[in-house]
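Before any comments, here is the structure.
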Amino acid sequence: MLATAKLLILVVPVLIFLIFAEIYDFGLDSSLRPIEQPNELRGNFLHITDFHPDPHYVANSLVKTRCHGNVSSAKKPAHMTKGISGSWGASATICDSPMGLINATFEWLENNWKDKLDFIIWTGDNSRHDNDENMPRTPQELFGLNRMITSKFLQTFSSIRQPRRKPVPHFIPIVPSIGNHDIYPNNILLPGPNDILSTLYDIWAPFIPRNQRHTFLHGGYYYTEVIPKKLLVVSLNTMYFYNSNTAVNGCKEPGQPGTKELKWLNGVLKKARKDGMKVYLTGHVAPRHKQYTKSCYKKYGKLALKYHEVILGHYYGHSNMDHFFFIGANVIDKNRNNTNDEIILAKDDEDYDSYDDVYEDESPSKEDSYNDEPSVNISSESEIDKYLDKLLNHYQSVPPISEVVAEDYAVVHINPSIIPVFYPALRIIKYNTTETSKRKKKPKNHDPNSPSHSNTFLTPLGYTQYFINLTEANRYPNKTPVFEVEYTTWNDYRMKDLTVKSWIKLARDLADHGLKGSLWKKYRDHLMVGTRSLVKERNKKLVQNCIYSKCSAKGPGDYLITELDF
C-alpha cells in the first residue's frame with residue numbers, strides 16, 4: 001500500500017499537467033503561440049534577411065582577419081596599420097555583422113514596429129560565414145546562432161497576454177526559411193528526414209504550424225496561414241533547387257527532394273486557388289537560371305505563371321543587393337535546342353506530373369558555369385557595373401506597358417541584407433486591408449482583378465526601405481544607431497501599388513530613361529543601399545593592398561554578383 005501511495009504521489013501531478021495542457025492548449029513542445037489575428041489588420045509586414053551574426057567580430061581590426069582582430073603590426077605594411085572595422089560593422093568588406101548591430105536591429109524593431117505588423121517574412125542565413133581558417137565555424141556555433149536570432153524574434157514580438165486560463169506568450173506569425181549558411185556544411189543538404197532538418201525544426205518549432213511538422217522534417221518547407229482563410233506565406237527550402245547543393249540532383253527525377261517539393265507546392269497553390277486564398281512565396285535563394293538547376297528553375301517558373309492570380313509576390317534574400325527581376329513566359333517556354341516551339345507551360349489544373357517535360361542535363365554548361373566563391377574581386381565597381389548593364393538589358397527586354405500581358409510575368413524581389421555588405425537594410429511592406437465584397441465561391445483561374453494585378457484586398461501597395469548609414473554610425477561607437485528611411489516606392493519610384501503591371505511600368509521607365517537618366521542613377525544607388533562611393537573607395541584600397549599581399553580572401557564581398565543572371 002505504501003508503494004502504491006508513493007506511486008500515486010508521483011503520477012497524479014503529471015496526469016493533471018497533461019489534462020490541463022490538453023484543455024488549455026499550452027502544449028509540451030513549446031509554451032509559445034502565434035497571436036490570433038486582431039479584428040482589424042494593421043496592413044504592414046516585415047521582410048528581413050541575411051543577419052550573419054559574428055560573435056567574434058572585433059572593432060578596429062583589419063578586413064584581412066575577417067574583422068576578428070589585429071594582426072601583428074610587424075606583419076603589416078605602412079598603409080595597413082590603421083584598423084578598418086567600426087563598432088557597428090564594416091560595409092563593403094568581407095566581414096560579418098557584429099552582435100551590436102544585431103541587437104540594435106531588434107531594439108529598433110521593438111521600439112517602432114512591435115505592435116504595427118501582421119506577420120514577418122524572414123529569409124535565412126542566421127550564422128556567420130565560414131571564411132576564417134583560423135577560426136573555423138562548427139555545427140554547434142551555427143545552430144547556436146540560429147537559436148540566438150530565434151530568441152530575439154520571440155522576445156521582440158511576443159505579447160504576454162494574461163487571460164484567466166492562458167497566461168502564455170503569443171507572437172505574430174513569423175515565417176523563417178533555410179539559408180545556405182544555416183546548414184552544415186554550407187550549401188549541402190541531403191534529402192530529409194535528416195539531423196539538420198530535425199535540429200532546425202527544434203529551433204523553429206514555435207513558428208511552424210503543428211500540422212506542417214512532418215512536411216518540414218522531410219523537406220524543410222512548410223506554409224503558415226498568416227491571415228486565417230485569406231493569406232498563406234509559403235516558406236520554400238531553396239537548398240533543394242540550388243545548383244551548389246551537390247547532394248541532390250534538381251527537379252527532374254521523381255524521387256529527388258526538389259521534385260517532391262515543387263509537386264507539394266503545386267498542391268498548396270491549387271488548394272489556395274480553390275479556397276479563394278492568396279499566397280506569398282518566400283525562400284533564401286531566388287529563382288534564377290544560374291542559381292537553380294535548369295529543371296527546378298523551369299518548373300518553378302511554370303508554377304509562378306500558372307498561379308499568377310494566386311501569388312502576390314516572390315520574396316527572397318541571399319544576393320544582398322536591392323533589386324527586382326522578372327520570370328517571363330518567353331524564358332520558361334524557351335527550348336534551347338530550338339527543335340520545336342511547343343508551349344510547355346500548363347495553364348489548367350491537370351496533375352503536376354502530367355506536364356513533366358524532358359529537360360537538359362542538370363550539369364551546368366560551360367556557358368552557365370559558375371563558382372560559389374570566385375577568385376576575382378566581384379565587389380569591385382566594374383563588376384557591379386557589369387551586373388547593372390545586364391539588369392538594364394533585362395528591363396529593356398520587357399515589352400512596353402501598352403503591349404504587355406501581365407499574366408506572362410512574375411516579379412521576383414531581392415531584399416537587401418542586415419549583414420553590412422552594403423549598408424544594413426530591411427523593408428516594411430504595406431498592403432490593402434479593405435474588403436469590398438464577399439469572395440466568390442469559385443474564383444476564376446485567371447481573374448484580371450486578382451490582387452496581384454489590380455488594387456484590391458491584400459494587394460501590396462508599396463514599401464519603405466530602412467537602412468543604417470554605418471559610416472555615420474561608426475563615428476559614434478557609444479550611441480546605438482537607428483534605422484532611417486532610405487526611400488519609398490511611392491515617392492522615389494512613383495508607384496501607385498506593387499502589382500505586376502506597376503513593376504513592368506517601372507522596368508520600362510528605367511529602360512527608357514537609360515543609363516544617364518536620373519531614375520536609373522537613383523535605382524543604381526538603391527541597389528547598393530547607398531554605398532556606391534564607399535565600394536569605389538574600398539576597391540581602390542584593395543588594388544593597393546594586393547601589391548603587398550596575396551588577394552585570396554573569400555567572403556560576402558567576393559560573391560556579390562556570383563550566380564546572378566537572367
Side-chain angles (χ1 to χ4, degrees), residues 47-50 91-93 123 285-286 288 290-291 313-326 377-398 411-427 429 462-471 483-495 498 502-539 556-566:
H47 182 193
I48 193 166
T49 193
D50 291 79
S91 291
T93 73
T123 48
V285 180
R288 300 174 186 264
K290 282 193 175 182
Q291 289 185 312
H314 306 252
Y315 289 175
Y316 291 88
H318 181 64
S319 300
N320 302 306
M321 295 180 291
D322 169 11
H323 62 304
F324 70 97
F325 59 89
F326 299 98
N377 173 46
I378 48 185
S379 62
S380 69
E381 179 193 1
S382 60
E383 290 298 325
I384 290 177
D385 284 344
K386 287 178 185 178
Y387 182 68
L388 283 165
D389 288 342
K390 287 185 178 182
L391 196 58
L392 184 61
N393 290 335
H394 175 66
Y395 296 154
Q396 289 171 338
S397 70
V398 178
V411 188
V412 179
H413 305 276
I414 306 296
N415 205 79
S417 55
I418 295 299
I419 179 180
V421 171
F422 304 115
Y423 286 147
L426 53 83
R427 193 171 284 178
I429 298 96
Y463 64 77
T464 301
Q465 184 139 300
Y466 294 90
F467 82 122
I468 294 176
N469 184 327
L470 282 185
T471 302
F483 286 82
E484 56 186 285
V485 175
E486 182 192 8
Y487 72 94
T488 70
T489 53
W490 298 281
N491 296 331
D492 290 73
Y493 296 149
R494 304 297 180 187
M495 299 177 75
L498 302 185
S502 292
W503 286 108
I504 291 172
K505 182 180 182 303
L506 177 59
R508 288 304 314 175
D509 287 345
L510 288 165
D512 293 342
H513 284 81
L515 289 172
K516 295 183 179 180
S518 60
L519 182 62
W520 178 255
K521 290 178 181 178
K522 182 184 294 185
Y523 184 77
R524 177 195 65 190
D525 290 342
H526 292 161
L527 180 134
M528 288 184 273
V529 197
T531 62
R532 182 173 175 80
S533 59
L534 186 61
V535 168
K536 280 185 177 182
E537 179 185 347
R538 291 279 189 268
N539 186 56
D558 288 300
Y559 54 74
L560 295 180
I561 319 300
T562 308
E563 313 163 351
L564 306 186
D565 210 341
F566 311 102

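Reckoned from all heavy atoms, side chains included, excluding hydrogens, waters and symmetry mates. Being a predicted model, the structure only gives us computed values, none of them experimental.
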Polar side-chain atom of S91 near backbone of F422 as donor-acceptor pair, under 3.5 Å: yes
Derivation and outcome, salt bridge (charged side-chain N to carboxylate O under 4.0 Å, His left out), residues R427 and D322: CA-CA 10 Å; R427 193 171 284 178; D322 169 11; 2.7 Å; yes
Under 6.0 Å between ring centres, would you say that holds for H323 and Y387? yes
D512 with K505: basic N within carboxylate O range, under 4.0 Å: no
Using the side chain to side chain contact (heavy atoms under 4.5 Å, CB included) rule, take Y315 and T49 through it: C-alpha gap first, then chi angles, then the decisive distance, then the call. CA-CA 10 Å; Y315 289 175; T49 193; over 6 Å; no
For a quick test of reading the model, state the closest non-hydrogen atom pair linking I414 to A286 and the distance between them. CD1-CB, 3.4 Å
Is a donor on one side and an acceptor on the other found under 3.5 Å between the side chain of R508 and the backbone of Q396? yes
T488 (side chain) donor-acceptor with N491 (main chain) under 3.5 angstrom: yes
Hey, does the side chain of T531 reach the backbone of Y423 with a donor-acceptor pair shorter than 3.5 angstrom? no
N415 (side chain) donor-acceptor with G317 (main chain) under 3.5 angstrom: no
Let me have the donor-acceptor pairs involving side chains of residues 520-529, under 3.5 Å, with sequence neighbours excluded, atom names and distances please.
from : atom 1 : to   : atom 2 : distance (Å)
Y523 : OH     : F324 : N      : 3.4
Y523 : OH     : Y395 : OH     : 2.5
H526 : ND1    : Y493 : OH     : 2.8
H526 : ND1    : K522 : O      : 3.4

Under the side chain to side chain contact (heavy atoms under 4.5 Å, CB included) rule, what do Y316 and H314 come out as? Steps first, then yes or no, please. CA-CA 7 Å; Y316 291 88; H314 306 252; 3.8 Å; yes
